[in-house]
Amino acid sequence: MNLHHAVEITLTRPATHAELAHAASALPLAANHDATRLMVVVHAKTPGRALHRVRRRLREALPIDVITTHYPDSSGHALLNITLPPHADTAIRRTAASAGQTPRIFVQLALHRALVQHVEEEAALLDGAVQRLLATTTASQLLAAVGRALTLTPGAPSC
């Protein structure tokens, strides 16, 4: 069964009007304000096929950096489609083979580890900042200040 998949394209630089017009003749696109990110809805059997279809149709028309599914799958994951330089591709294949993994699994695990590390580092930075603030104020004063900041800051993350 074919479905429609929302796909996001990140460019290495802003696309020119001519590039966008040429690309739009292959697929209907929506560009953001500075033409560095594009959206397209693609008809395909799977999200992976949708990403490959976009890459195949637009690779010559646009300076594509990353193509990704716009919505996560049922596991909460987004698919990425990237083209690596030959030396990076060779290094990944070699390292994956020595680890007994496919390049896809190797990259997937490496990205997962990097994201986990990033989340842990961000949490540690935030914990440190809170501890420094608590050294000079009370918990209730800090909580009140955070509440005020969240209600007064447009676009602040909500719970």
Side-chain angles (χ1 to χ4, degrees), residues 1-134 146 155-159:
M1 171 169 68
N2 286 343
L3 302 171
H4 288 90
H5 302 279
V7 175
E8 186 170 349
I9 305 160
T10 304
L11 304 177
T12 59
R13 62 168 171 74
T16 65
H17 290 292
E19 288 172 327
L20 286 174
H22 180 63
S25 68
L27 287 172
L29 301 167
N32 71 336
H33 70 284
D34 65 358
T36 57
R37 291 174 54 189
L38 310 170
M39 289 294 299
V40 62
V41 176
V42 181
H43 194 68
K45 286 186 178 181
T46 66
R49 285 187 181 184
L51 298 183
H52 287 290
R53 181 168 292 152
V54 169
R55 170 88 54 193
R56 189 177 68 250
R57 289 189 182 173
L58 299 178
R59 86 173 112 226
E60 301 301 323
L62 295 168
I64 297 173
D65 188 18
V66 177
I67 302 173
T68 182
T69 51
H70 185 66
Y71 298 106
D73 63 14
S74 59
S75 302
H77 298 125
L79 291 180
L80 296 175
N81 179 294
I82 56 176
T83 300
L84 299 171
H87 67 278
D89 186 61
T90 301
I92 287 172
R93 289 181 185 283
R94 186 179 309 121
T95 307
S98 69
Q101 298 169 334
T102 65
R104 180 181 178 154
I105 295 297
F106 176 79
V107 170
Q108 184 178 6
L109 292 173
L111 283 173
H112 178 74
R113 283 190 302 271
L115 289 171
V116 166
Q117 181 179 350
H118 175 73
V119 167
E120 289 172 352
E121 289 171 357
E122 289 292 311
L125 286 172
L126 186 56
D127 288 348
V130 168
Q131 290 304 317
R132 286 188 296 281
L133 287 168
L134 286 172
V146 168
S158 60
C159 298

Could you walk me through whether L80 and V107 satisfy the side chain to side chain contact (heavy atoms under 4.5 Å, CB included) test, starting with their C-alpha distance in whole Å, then the side-chain angles of each, then the deciding distance to 0.1 Å, before giving a yes or no? CA-CA 11 Å; L80 296 175; V107 170; over 6 Å; no
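- For the pair H5 (side chain) and A44 (backbone), a donor-acceptor distance under 3.5 Å is present.
- The backbone N or O of I67 sits nowhere less than 3.5 Å from a side-chain atom of N81 that would complete a donor-acceptor pair.
- The shortest distance between side-chain heavy atoms of V41 and V7 does not fall below 4.5 Å.
- A donor-acceptor contact shorter than 3.5 Å links the side chain of R132 to the backbone of G128.
- For A24 against L29, the heavy-atom pair with the smallest separation is N-CD1, 4.0 Å.
- Between R93 and P103, the shortest heavy-atom distance links the atoms NH1-CG, 3.7 Å.
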Pair E122, V119 - check side chain to side chain contact (heavy atoms under 4.5 Å, CB included), show working. CA-CA 5 Å; E122 289 292 311; V119 167; 5.8 Å; no
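- In this structure, I92 CD1 and T102 OG1 are separated by 11.5 Å, a value rounded to the nearest 0.5 Å.
- To the nearest 0.5 Å, the span separating NE2 on H52 from CZ on R49 amounts to 9.5 Å.
- Here the straight-line distance linking atom NE2 of H112 with atom NE2 of H77 works out to 7.5 Å at 0.5 Å rounding.
- Counting heavy atoms of neighbouring residues, nucleotides and ligands inside a 6.0 Å radius, atom NE2 of H43 exceeds 12 of them.
- Between the CD1 atom in I82 and the CG atom in D89 there is a gap of 9.5 Å [rounded to 0.5 Å].
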Apply side chain to side chain contact (heavy atoms under 4.5 Å, CB included) to residues T10 and T36 and explain how you reach the verdict. CA-CA 6 Å; T10 304; T36 57; over 6 Å; no
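- Nearest heavy atom pair, residue L79 against residue T68, reads O-OG1, 2.8 Å.
- When the shell of 6.0 Å around CZ of R53 is examined, it contains more than 12 heavy atoms from other residues, nucleotides or ligands.
- A side-chain contact (heavy atoms from CB on, under 4.5 Å) with L38 holds for exactly one of L11, I64, L27, V54; it is L11.
- For R13, the CZ atom is densely surrounded, since the number of other residues' heavy atoms within 6.0 Å is greater than 12.
- The CD atom of E19 lies 9.5 Å from the NE2 atom of H22; values are rounded to the nearest 0.5 Å.
- Smallest separation of non-hydrogen atoms from P47 and T69: CB-CG2, 3.7 Å.
- Heavy atoms from other residues, nucleotides or ligands lying under 6.0 Å from CZ of R55 number more than 12.
- One distance of note links CD of Q131 with CG of L126; it measures 10.5 Å at 0.5 Å rounding.
- Proximity of L58 to V40: side-chain heavy atoms (C-beta onward) are nowhere separated by under 4.5 Å.
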